[in-house]
Amino acid sequence: MSSEMLPVTDFIREIIDKDIKNNRYGGRVATRFPPEPNGYLHIGHAKSVCLNFGIAMQYRGTCNLRLDDTDPAGESMEYVESIINDVHWLGFDWEDRLYYASNYFEKLYEFAVRLIKKGKAYVCDLSTDEIKEYRGTLTSPGKESPYRNRSVEENLDLFARMRAGEFEDGSRVLRAKIDMSSPNITMRDPVIYRIKREPHYRTGKTWVIYPMYDFAHCLSDAIEHITHSICTLEFENNRPLYDWIVNELIEEGDRPRQIEFARLNLSYTILSKRRLIELVEKGYVTGWDDPRMPTIAGMRRRGYTPEAIRTFCNRIGVAKKDNLVDIALLEACVRDDLNEHAPRVMAVLKPLKLVIDNYPDGKVEEIECANHPQNPAMGTRKVPLSKILYIEQDDFHEYPPKKYKRLAPGRKVRLRNAYVIKFADMVRDDKTGKILEVHCTYEPESKDSLKSDKRNVEGVIHWVSAEHAIPAEVRLYDRLFQVPDPAGMDDDFSKYLNPKSLEILTLCFVEPCLQKAAQGSRYQFERLGYFCVDLKDSSPLKPVFNRIVSLRDTWAKGASHS
RNA sequence: UGGGGUGUCGUCAAGCGGUAAGACACAGGCCUUUGGAGCCUGCAUUCGGAGGUUCGAAUCCUCCCACCCCAGCCA
C-alpha cells in the first residue's frame, strides 16, 4: 500500500549487494549522514537521510549521525541542535552513535604526521594566490611548489609549529604530495590543513589548524568503520583523492568506499544552502521555519508529516541523473498520508451569512458528524446547527457559471452532514451591490436522506453555525516561486518569488471542536484542504491554522469560472 | 582545448541481449451527503543522434551531440 513498504532497489543497493556477496567488509554495512552544522536541513538532506538510514535498516547495519564540523566559520551548536531534532523528527535513530569530526582532530593530526613521515605530505609557504597560480588550469598542468621537497624532519617541525600557533593565518598549509600535472585538479597537491584562528564552537581555541574536507571526511569514515560513504555527485571528482588518502593511511579491508548519487532538485523552490540563507536574511520569509521554506523545520511547521516526506524520498528513487522533481509529487505524498489520517471538520474561510428562514429561532441541533467518512473507527463528533450559519462566499453565486454545483437563486443544495436547503432570497448592499446575506428554507425531513431522496440537489456545501463558530486566522500557503526552476534562472532568483505564496485570512470561522485543538494537530477542512494548527502562533484564544496543502480540485483546475 | 559524470513518457524512474514496469502529472468515465476519497480507462511502435555486431539491441561496439561537475587555505 504505502510505497515505503515496497522493496527499494537502486544502484547503490546493488553495489552493496555485490559487496556483501563478495564478503567485502565481512558482510558489514555501515553508513553515516554527515551534515555540516552551518545551516538547517532541507528536503534534499531528507533524501540523503532516508537513503543512509534506510540502507542501514534494510541491511541490519548501522547509520551514524556525524557532524562534519571541520571549518569553524559559520558552524554552531544551534545548527547541531536543529539537525538532531530534524533527523529524529523524520523518524530515524542513531542510538549512541552521534559523532563529530571535531572529536577526531587529534587523530587526524596524527594521520597527517604519518603522511609527512611517509614523505607524502609537505608544508607549503606559498600564498593563497600563489597556490592558485601554481595549480594550473582545467586544461593546463600545474607546477610544483618550491617547498615540495622539504625534508621530512623540516615538515614535521613546521607542521608542529603550525599547530602551536607560531605562524599567521594563511601563511602556511599542509599539502598532500600527489601530482601537479594530474588532469584531475583535485589531485594537484591538495591542501589538507590550514591555519585559521577562528574559535570552534566545540573545541574553542584548542586548535588553530583545521583539516580540510578531503582529508577529514574519508578518515572520519575510516575511524567510524564506515563501509559505504554515500555522498552527492559533485564529490565524484574527489573520489580519487578519497581513495588515495585512505590507501595511504588505512589498512586494507577497513577502507570505506565512496558512492555518489544525484542530489534532489525540487520544482518551484530552491534547495541551495546559500540561497536559503538569503531568503531568511533578506526577509523574504520569516525564518528557517517559515512554512513556505523547503527546510525540514519549515515543512514541519507547515504541517507536512514525516511519513509523507519518507514516502516521497522513497518514490523519487536514487540515481545519478540530474533531476528536477515535480513538487506535485511531494504534495501528492502529503495528501495521501493526510487523507488517511486527518479527521474531517468544517471551517468557513470567507464567510457569507446564511439564514434559514423556516428554522425555529433559538433552536440548536447537535448534528452527529463522521470524523472520517471512510473510516468509522475514527468516530463522530457533534456539531451545532442553528438558524444563522456562515457558508463560503464561493459557494453562492447570483449568476452561477456553467457546471456550478453550489447555491444560487432557485437552487437547492445540501448542507454537509445536515439538511437540504433551498434558496429563498438575498440581501444586497445598496451601495456596492455586494450580497450581504442569503436566505433559504430547509426541508426538515431531509437530514438523513435515503438515496432516493436526492431531489435535484445541486451539490453539497459546508457551513458553520454563526452563534457557535470559533473565529480563527487561516494562513493560505502556496509555492514559494512562480517558475519551475528558480535556481536555474540566470538572474536574481528573488525576482521569481511568488507574491501570493502567503495569504492571511483573519476573519474565518471554524467549528467549536477546534477551540482546543493542539498545536501541530492536523485536520481536513472539508472541501478546502488540509490544515495544521500553527506551532508558534496559535492559541485557544486565537487559533491559527496553516494550510498544508489544498484538496485535489478538478473544478478549480478548469480555469477561472467567473 | 583537460578530467570526471549523465542522457528511457511532461516529471521522477525500472530495465542489466529476447522484443519499453511503476509513480506523479494529464485526459476521459463510474461512484459519491467532501467538484474530496475510491474505482476503471487512455497516455513512449520507442529509449540523445548516426552507423555497426546479432536471428534479435534501450541493453554490446564505434563515432557524434547535449547537459552537469572540477581551477576555496568551503563542504
Side-chain angles (χ1 to χ4, degrees), chain A residues 3 6 9-10 14 34-36 38 68 70-71 73-74 124 126-128 131-133 135-142 169-175 182-188 190-196 209-210 212-214 216-217 231-240 260 262 264 267 273 312 315-333 335 339-340 344 346 370 372-374 403-406 413-418 420 446-449 451 453-454 457 459-462 484 524-529 550-558:
Chain A
S3 65
L6 296 173
T9 313
D10 54 62
E14 280 177 12
E36 183 186 12
N38 67 349
D68 205 2
T70 56
D71 179 4
C124 180
L126 255 24
S127 70
T128 305
I131 285 182
K132 182 175 177 171
E133 187 191 327
R135 188 151 37 218
T137 71
L138 292 178
T139 52
S140 60
D169 286 14
S171 62
R172 279 178 236 256
V173 292
L174 184 69
R175 293 228 252 171
S182 170
N184 181 350
I185 293 182
T186 308
M187 300 296 273
R188 317 237 261 232
V191 172
I192 57 178
Y193 262 92
R194 75 282 213 182
I195 303 172
K196 200 166 192 168
I209 58 171
Y210 294 96
M212 299 288 290
Y213 166 84
D214 285 309
H217 199 95
C231 64
T232 46
L233 245 33
E234 65 269 27
F235 292 103
E236 210 147 21
N237 295 318
N238 302 48
R239 186 167 28 152
E260 312 85 9
L264 169 70
S267 67
K273 203 178 271 185
F312 171 75
R315 283 203 212 173
I316 58 177
V318 180
K320 297 190 73 162
K321 190 180 68 171
D322 286 338
N323 58 73
L324 182 62
V325 175
D326 192 343
I327 197 168
L329 178 60
L330 211 207
E331 293 167 349
C333 293
R335 285 196 191 97
N339 174 49
E340 195 181 336
R344 272 59 172 168
M346 290 192 283
H372 189 122
Q374 278 72 46
K403 293 185 180 173
Y404 188 71
K405 289 169 55 178
R406 309 175 189 180
V413 295
R414 175 176 290 284
L415 293 173
R416 174 70 170 157
N417 294 122
V420 171
S446 63
K447 191 160 67 174
D448 304 305
S449 76
K451 261 204 163 175
D453 205 12
K454 278 176 125 178
V457 172
V460 179
I461 64 172
H462 56 93
Q524 184 195 95
F525 289 0
E526 287 198 88
R527 304 208 309 130
L528 296 173
S550 65
L551 248 29
R552 191 166 160 270
D553 188 347
T554 51
W555 164 253
K557 221 179 319 191

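Every heavy atom of this structure was used, including side-chain atoms; hydrogens, water molecules and symmetry mates were not. Proteins come first, then strands; the chains are lettered A, B, ... in the order of their sequence lines, and each starts at number 1. Quantities reported herein were computed from a predicted structural model and do not represent experimental measurements.
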Which part of the nucleic acid, if any, lies within reach of Gln524(A) when heavy atoms closer than 4.0 Å are counted: base, sugar-phosphate only, or nothing?
base

Please determine, for rU62(B), whether a Watson-Crick or G-U wobble partner exists with both distances under 3.5 Å, and give it or none.
rA50(B)

Pairing of Asp169(A) and Arg194(A) as salt bridge, 4.0 angstrom limit:
no

Contacts of His462(A) that satisfy ring-ring contact (aromatic ring centres under 6.0 Å, His included) - sequence neighbours left out
none

Let me spell it out: for each of Leu324(A) and Lys196(A), pick the nucleotide of RNA chain B with the closest heavy atom. Which residue's pick is nearer the 5' end?
Leu324(A)

Just call it for Ile209(A): base, sugar-phosphate, or nothing, with non-hydrogen atoms closer than 4.0 Å on any strand.
nothing

Atom-to-atom span, CD1 of Ile192(A) to P of rC74(B) - whole angstrom
14 Å

Give one of base, sugar-phosphate or nothing for Ser127(A), where a contact means two heavy atoms less than 4.0 Å apart.
base

Taking the side chain of Lys321(A) as its heavy atoms from C-beta onward, which of rC24(B), rU34(B), rU8(B) lies nearest to it?
rU8(B)

Looking at every strand, decide which applies to Glu14(A) at a 4.0 Å heavy-atom threshold: base, sugar-phosphate, or nothing.
base

Can you tell me how far the CD1 atom of Ile316(A) sits from the CG atom of Asn323(A), to the nearest 0.5 Å?
7.0 Å

Take atom CZ of Arg552(A) and atom P of rU32(B), then tell me their distance rounded to the nearest Å.
18 Å

Which part of the nucleic acid, if any, lies within contact of Val413(A), taking any heavy atom under 4.0 Å across all strands shown: a base, the sugar-phosphate backbone alone, or nothing?
nothing

With respect to the phosphate group of rA14(B), does any side-chain polar atom (N or O) of Thr9(A) fall under 4.0 Å of OP1 or OP2?
no

Check every atom of rU33(B), rG35(B), rA75(B) against the side chain of Asp71(A) and return the nucleotide holding the closest atom.
rA75(B)

Determine the interatomic distance between P on rG28(B) and the same-named atom on rA20(B); round to the nearest Å.
29 Å

Starting from P on rU34(B), measure out to CG on Leu551(A) and report it in whole angstrom.
12 Å

Whole Å only: how far is the NZ atom of Lys320(A) from the C1' atom of rU8(B)?
18 Å

Name the pairing partner of rC74(B), where a pair is Watson-Crick or G-U wobble with both distances under 3.5 Å, or state none.
none

Counting side-chain heavy atoms from CB outward, which of rG5(B), rA75(B), rG36(B) is closest to Glu236(A)?
rG5(B)

Give one of base, sugar-phosphate or nothing for Asp553(A), where a contact means two heavy atoms less than 4.0 Å apart.
sugar-phosphate

Return the value, rounded to whole Å, for the distance between atom NE2 of His462(A) and atom P of rU33(B).
18 Å

Could you work out the separation of rG49(B) and rA57(B) based on their C1' atoms and round it to a whole Å?
16 Å

Taking O4'-C1'-N9-C4 for purines and O4'-C1'-N1-C2 for pyrimidines, is rG72(B) syn (within 90° of 0) or anti?
syn

Between the side-chain atoms of Arg406(A) and the base atoms of rG35(B), is any donor-acceptor pair under 3.5 Å?
yes

Under 3.5 Å, is there an N or O donor on one side and an acceptor on the other linking the side chain of Glu36(A) and the base of rC74(B)?
no

Looking at every strand, decide which applies to Lys405(A) at a 4.0 Å heavy-atom threshold: base, sugar-phosphate, or nothing.
base

rC26(B) versus rA37(B) - spacing of their P atoms, nearest Å
11 Å

Integer-rounded Å distance: rA23(B) C1' and Phe312(A) CZ
12 Å

Could you tell me the separation between the CG atom of Asp214(A) and the CE atom of Met187(A), rounded to the nearest 0.5 Å?
10.0 Å

Nearest-angstrom distance, C1' atom, rG48(B) to rA58(B)
12 Å

So what does Pro373(A) hit on the nucleic acid, given a heavy-atom distance under 4.0 Å: a base, only sugar-phosphate, or nothing?
base

Is any side-chain N or O of Lys557(A) closer than 4.0 Å to OP1 or OP2 of rC26(B)?
yes

I want to check one thing: is the phosphate of rA75(B), taken as OP1 and OP2, less than 4.0 Å away from some side-chain N or O of Arg194(A)?
yes

Rounded interatomic separation in angstrom, taking CZ from Arg416(A) and P from rU33(B)
9 Å

Supply the atom-to-atom distance Asp68(A) CG to Glu36(A) CD, rounded to the nearest 0.5 angstrom.
7.0 Å

In this structure, how many angstroms lie between the P atom of rA23(B) and the CG atom of Leu329(A), rounded?
12 Å

Test side-chain hydrogen bond (donor to acceptor under 3.5 Å, both in side chains) on Ser182(A) and Asn184(A); report intermediate values, then the result.
CA-CA 5 Å; Ser182(A) 170; Asn184(A) 181 350; 5.5 Å; no

Could you work out the separation of rA23(B) and rG3(B) based on their P atoms and round it to a whole Å?
43 Å

rA27(B) - base-pair partner by Watson-Crick or wobble geometry, distances under 3.5 Å:
rU41(B)

Give Arg344(A) one of three labels, base, sugar-phosphate or nothing, depending on what nucleic acid heavy atoms sit under 4.0 Å from its own.
base

Touch check for Asn238(A), heavy atoms < 4.0 angstrom, all strands: base, sugar-phosphate only, or nothing?
base

Is there aromatic stacking of Trp555(A) on rG35(B) here, judged by a ring-centre distance under 5.5 Å and a plane angle under 30°?
yes

Say we look at rG52(B) and rC47(B): how far apart would their P atoms be, to the nearest angstrom?
16 Å

Partner of rG18(B) by Watson-Crick or G-U wobble geometry, both contacts under 3.5 Å, or none?
rC55(B)

Check whether any side-chain heavy atom of Ile195(A) lies under 4.5 Å from a side-chain heavy atom of Val173(A), and answer yes or no.
no

Can you tell me, in whole Å, how much space there is between the C1' of rC43(B) and that of rU8(B)?
16 Å

5' precedence on RNA chain B between Lys403(A) and Tyr193(A) (nearest-nucleotide basis):
Lys403(A)

With heavy atoms under 4.0 Å as the rule, sort Val191(A) into base, sugar-phosphate or nothing.
sugar-phosphate

Examine the base of rU33(B) for any acceptor or donor lying under 3.5 Å from a partner atom in the side chain of Arg414(A), and report the outcome as yes or no.
yes

Could you run through nucleotides 67-72 of chain B and give me one letter per nucleotide, 5' to 3': B if any protein heavy atom sits under 4.0 Å from the base, S if only the sugar-phosphate is that close, - if neither?
-SBBBS

Please classify the nucleic acid contact of Ala73(A) as base, sugar-phosphate, or nothing, using heavy-atom distances under 4.0 Å.
nothing

Would you say Arg239(A) reaches rG4(B)'s phosphate, i.e. side-chain N/O to OP1/OP2 under 4.0 Å?
no

Using the P atom on both, measure rC39(B) against rU53(B) and round to a whole Å.
50 Å

Using a 4.0 Å heavy-atom cut-off across all strands, classify Gly459(A) as base, sugar-phosphate, or nothing.
nothing

Note, Leu329(A) side chain near Arg315(A) side chain (heavy atom, < 4.5 Å)
yes

For rU34(B), give its Watson-Crick or G-U wobble partner with both distances under 3.5 Å, or none.
none

